[in-house]
Amino acid sequence: MSGAESVADGRSGEADIDRTPVPDADVCVVGAGPAGALVADRLAGDRDVVVLDAGPRFDPADRLARQERAIRPSYGRPDVWGVGGARDVYETAGDRSYPLNHARVKGVGGSTLHWQGMVMRLHEDDFNSASERGVGADWPIEYADLRPYYAEAEKELGVAGASDNPYAPPREEPHPMPAFEPSYSDSLFAEACEELGIDMHSVPNARNSEPYEGRSPCVGYGTCQPVCPSGAKYDATVHIERAEEKGATVVDRAPVERLEHDGDDRVTAAVYATPDGERHRQAADAFVVAAGGVETPRLLLLSASDRYPDGLANGSGHVGEFFMDHLFAGAGGTLDEETRQNHVGFYTSACDQFYDEADETQAPFKLEFFNYAGPSPVETALTGDDWGDALLDRLRDGYGNHVAMGGLVEQLPDAESRVTLADDRTDDRGNPVPRVEWSVGDRALDTIERANEIQVDILEELGADVEWVAGPDATGPAYHHMGTTRMSDDPDSGVVDADCRTHDLDNCWIASSSVFPTSGAMNPTLTIAALALRVADDVDARLSET
Amino acid sequence: MELTRRDAAAALAAVGATGGVALGVRRAADEGSGGEGAEDGDAGPAWDGDGPPDDEAVRTAMTAVARTVYPEAVSGIDAFVEAFLGGRLDGSTHGEGIRAAVAEVESAARSWYDAPVADLAPADRDALLRELGADVAEENPDGTTAERVRYYVVNELLLALYASPTGGELVGIENPQGYAGGAESYQRGPR
Ligand SMILES: Cc1cc2nc3c(=O)[nH]c(=O)nc-3n(C[C@H](O)[C@H](O)[C@H](O)COP(=O)(O)OP(=O)(O)OC[C@H]3O[C@@H](n4cnc5c(N)ncnc54)[C@H](O)[C@@H]3O)c2cc1C
Ligand code: SF4
């Protein structure tokens, strides 16, 4: 079936699917995004694993129709993967509003269905921000602890990369696939950067530069964000499918509403709803919460009990606090020559040169050289009141000579930037919705300006007419939800310990960027994946002890 | 610039219709009903403007509108639109939306200009679409007539053209969004 509106978002019907609990489960994973999927895949086979996800299982045959939604102006970004409506109500408060439903997907595969797939390792100092940079919080683990897991995560996701980045942390082996070649516009930037003494290097992509484990190489659809029809871009359906092949049970449209515990500080069951209006209890020996950086603290807060009146695993009082995202800094303009943009939807060159200059006043930041600056002609063609030759003239005027740079900037953890439960708004199941209070401090805002200066210098050296700058006033979030169940050795200072196990409950782990104490400025998902693999090993080891 | 079968297949692939299969099915159907040497359109009496238009009538009307909304520089419109619609009129909600919107365009053409849209002079066809409001409307599959005509007729055709390699090339991008034109073109400089 073709057509953007022919897509069923899996919100109705399918009476014949069994969504009842799995008897004698060893491990219950909440959330089928990359974190949950990797945990499930790693444990399945040896353990009885059940994964519960709030959203639907999307039909792979619908991907092209979703791509049509991505291109057609009558669909917003959240519509591509059916986000929004009563299930996904939220509130925002605080300094800056937060567009939560642009920033996540609910369903099997999670937000990686929509993501762009840029996957870097954090830098060594990111784990020691307090001691090395004088601000933020140190992680209770080091880069070295995560290093082998990073390598495994790169293999799991399928990362195309090269070892030409002198600023990247040490690595032991090449990436599983060669990096994507630089773009034509990268070659234009390279001349300007050379003049200015600025280094460009390749960038790791969770996207196949060649066939990888049965998945297609990139074929250039150019709509990576929000949907890759070819499957060349990694998404977590890969690991969900693998886990299922090994015997794991994955239940879709099964939002977990609360976690129950016993008097021995063990979680006993995940209480979840099903589309038929029923509620079920999934019991298990171990629980891994992997519901993303907003829904994870929300679930813990919703699970308040007499013993944990402020929310499960919230003895520290920090559940939901320290909500962080990465801030976008960018600039762009036009050249008087062709720049060949919008053939693909990912970037191929970056600059990490300034990252480790970070200190108390300057945040770590990275720079990106876009391959998708300016309008995409097919999208432009569907708006405006002209057609025929007039439209073609407009398209030709609008397309062809744009250039742009982006960048991400770290924001510091701040207890006032947080996720709580809304006082009086509830979702389709009658549960209080998340309330996101997002605030950003001066260090990040000043660093955005610093990034802008470099970006404008490069663009001017290139001879561009600089037409826009996304500075401190125009910045926005990169849709990376971090910090809300932070990791600490000290039960008073954090929600989980260095193994990502909750301090309060012995058999409950959190696999998510919500455990990041300080975020660095690198996109988080490779680190989430590395932590998830590490969580799986810890769960397995502890289950073996009992 | 000539639109080819490859363009139609590419445009169909961009929107998730299995053009090859649909084309094959249609060819077999033509042979079955028309017999030896049958030409397109000979299969039955032409649609008379009552009730939902059949596939042939939808194709005729869409091809006529394409002549208005496509730039002068493209040729091969008939075969391109036919092949594209072969994949879109597949019984889906979307296909039926196209049919219904075409019926509205035809009904306006017949009542305002006393002729089917395919018989209108180019200036009248352009005026008809503007009088329907399809130029200023934002596309919406569930909207007003203007919004639906914009979605199912005008933008349907523009999407098909500009997500195809030839349509993209007119603008200077041989690998437009929606077209799986490979992971090399972004590396190449201007020609
Ligand atoms: C537009 C966009 C672009 C991005 N680009 C990048 C990028 O280039 N690089 C990068 O590193 N990151 C990127 N990200 C972020 C990346 O997608 C996330 O970091 C990653 O998906 C997080 O993985 P997760 O498994 O923790 O959570 P998610 O992927 O969000 O998955 C969580 C899952 O949990 C389920 N869930 C939630 N609540 C419940 C509940 N109560 N019960 C049951 N299930 C529940 C949800 O339905 C969802 O499927 C991007 C995100 C977006 C939106
Ligand atoms: S450019 Fe490559 S990765 Fe992006 S959507 Fe197309 S095939 Fe997928």
Side-chain angles (χ1 to χ4, degrees), chain A residues 1-6 61-68 70-74 180-185 187 209 217-223 229-230 232 337-338 340-345 348 371 376-393 395-396 398-400, chain B residues 12-18 22 68-73 87-88 90-95 97-98 126 129-130 135-143 147 150-151 154-155 157-159 161-163 167-168 170-190:
Chain A
M1 288 290 166
S2 71
E5 70 285 6
S6 300
D62 284 343
R63 287 227 172 160
L64 284 160
R66 293 187 193 282
Q67 176 176 264
E68 186 179 338
I71 294 172
R72 279 196 176 253
S74 64
F180 282 90
E181 293 294 327
S183 64
Y184 173 68
S185 53
S187 73
S209 60
C218 172
V219 294
Y221 275 111
T223 55
S230 76
E337 59 180 304
E338 284 183 52
R340 309 269 302 157
Q341 298 296 285
N342 281 306
H343 290 241
V344 290
T348 38
N371 294 330
S376 153
V378 58
E379 289 184 25
T380 313
L382 306 185
T383 57
D385 57 8
D386 46 5
W387 47 57
D389 285 350
L391 170 60
L392 179 57
D393 287 346
L395 297 178
R396 283 177 172 161
Y399 174 79
Chain B
L12 280 172
V15 295
T18 41
T68 300
V69 301
Y70 286 1
E72 289 282 345
R88 288 292 247 186
D90 57 356
S92 60
T93 317
H94 187 81
I98 296 175
D126 185 273
L129 292 170
R130 291 183 194 279
D135 54 342
V136 290
E138 286 179 18
E139 63 157 34
N140 181 352
D142 306 310
E147 289 164 346
R150 177 73 187 223
Y151 185 90
V154 174
N155 277 3
L157 290 163
L158 293 176
L159 176 64
L161 176 63
Y162 289 110
L170 284 170
V171 189
I173 177 168
E174 70 279 18
N175 182 11
Q177 261 195 341
Y179 173 54
E184 293 78 32
S185 69
Y186 78 92
Q187 301 169 33
R188 285 198 292 266

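Keep in mind that what you see is a predicted model, and the values were worked out from it rather than measured. As a basis for the values below, the full set of heavy atoms in this structure was taken, side chains included, without hydrogen atoms, waters or symmetry mates.
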Decide yes or no for [X] and [Y]: does some side-chain heavy atom of the first lie under 4.5 Å from some side-chain heavy atom of the second?
{"X": "Glu139(B)", "Y": "Thr383(A)", "answer": "no"}
{"X": "Tyr221(A)", "Y": "Asn175(B)", "answer": "no"}
{"X": "Arg130(B)", "Y": "Trp387(A)", "answer": "yes"}
{"X": "Tyr186(B)", "Y": "Phe180(A)", "answer": "yes"}
{"X": "Pro176(B)", "Y": "Pro377(A)", "answer": "no"}

Do you know the tightest heavy-atom contact between [X] and [Y]?
{"X": "Val378(A)", "Y": "Leu159(B)", "result": "CG2-CD1, 3.8 Å"}
{"X": "Val171(B)", "Y": "Tyr399(A)", "result": "O-CD2, 3.6 Å"}
{"X": "Ala183(B)", "Y": "Cys218(A)", "result": "CB-O, 3.6 Å"}
{"X": "Arg88(B)", "Y": "Gly3(A)", "result": "NH1-N, 3.1 Å"}

Part of [X] within contact of chain A (heavy atom distance under 4.5 Å):
{"X": "Arg150(B)", "answer": "side chain"}
{"X": "Leu161(B)", "answer": "neither"}
{"X": "Asp142(B)", "answer": "neither"}
{"X": "Glu138(B)", "answer": "neither"}

Could you look at [X] and say if it's the side chain, the backbone, both or neither that has a heavy atom under 4.5 Å from chain B?
{"X": "Pro182(A)", "result": "backbone"}
{"X": "Ser187(A)", "result": "neither"}
{"X": "Ile71(A)", "result": "side chain"}
{"X": "Glu379(A)", "result": "side chain"}
{"X": "Arg72(A)", "result": "both"}

Assess, by modelled atom type and distance only, whether the side chains of Ser376(A) and Gln177(B) contain a donor and an acceptor separated by less than 3.5 Å. yes
Decide, yes or no, whether a salt bridge links Arg340(A) with Glu184(B) under the criterion of side-chain N to carboxylate O below 4.0 Å.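 Here Arg340(A) does not pair with Glu184(B) in a salt bridge, since their nearest N and O are not under 4.0 Å apart.
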Could you tell me which of Gly345(A), Ala390(A), Ser183(A) has the largest number of non-hydrogen atom pairs under 4.5 Å with chain B?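 Of the candidates given, the most pairs with chain B belong to Ser183(A).
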Pick from Ala70(A), Gly398(A), Pro73(A): which one has the most heavy-atom pairs with chain B under 4.5 Å? Pro73(A)
For the CD1 atom of Ile173(B) and the CD atom of Glu338(A), what is their distance to the nearest 0.5 Å? 11.0 Å
Calculate, to the nearest 0.5 Å, the distance between atoms CG and CG belonging to Leu158(B) and Leu392(A) respectively. 11.0 Å
Working for side chain to side chain contact (heavy atoms under 4.5 Å, CB included), residues Leu391(A) and Tyr162(B): CA-CA 11 Å; Leu391(A) 170 60; Tyr162(B) 289 110; 4.0 Å; yes
Would you confirm whether Asp389(A), through its side chain, and Pro71(B), through its main-chain N or O, come within 3.5 Å as a donor-acceptor pair? no
Does Gln67(A) reach the main-chain N or O of Ala14(B) with its side chain, forming a donor-acceptor pair under 3.5 Å?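 Looks like yes, one N/O pair under 3.5 Å.
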Measure from NZ or CZ of Arg188(B) to the centre of the six-membered ring of Tyr184(A) and say whether it is under 6.0 Å with the direction within 45° of the ring axis. no
Interface residue of largest heavy-atom contact number with chain A, from Thr68(B), Val154(B), Val136(B), Ile98(B), under 4.5 Å: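 The candidate making the most pairs under 4.5 Å is Thr68(B).
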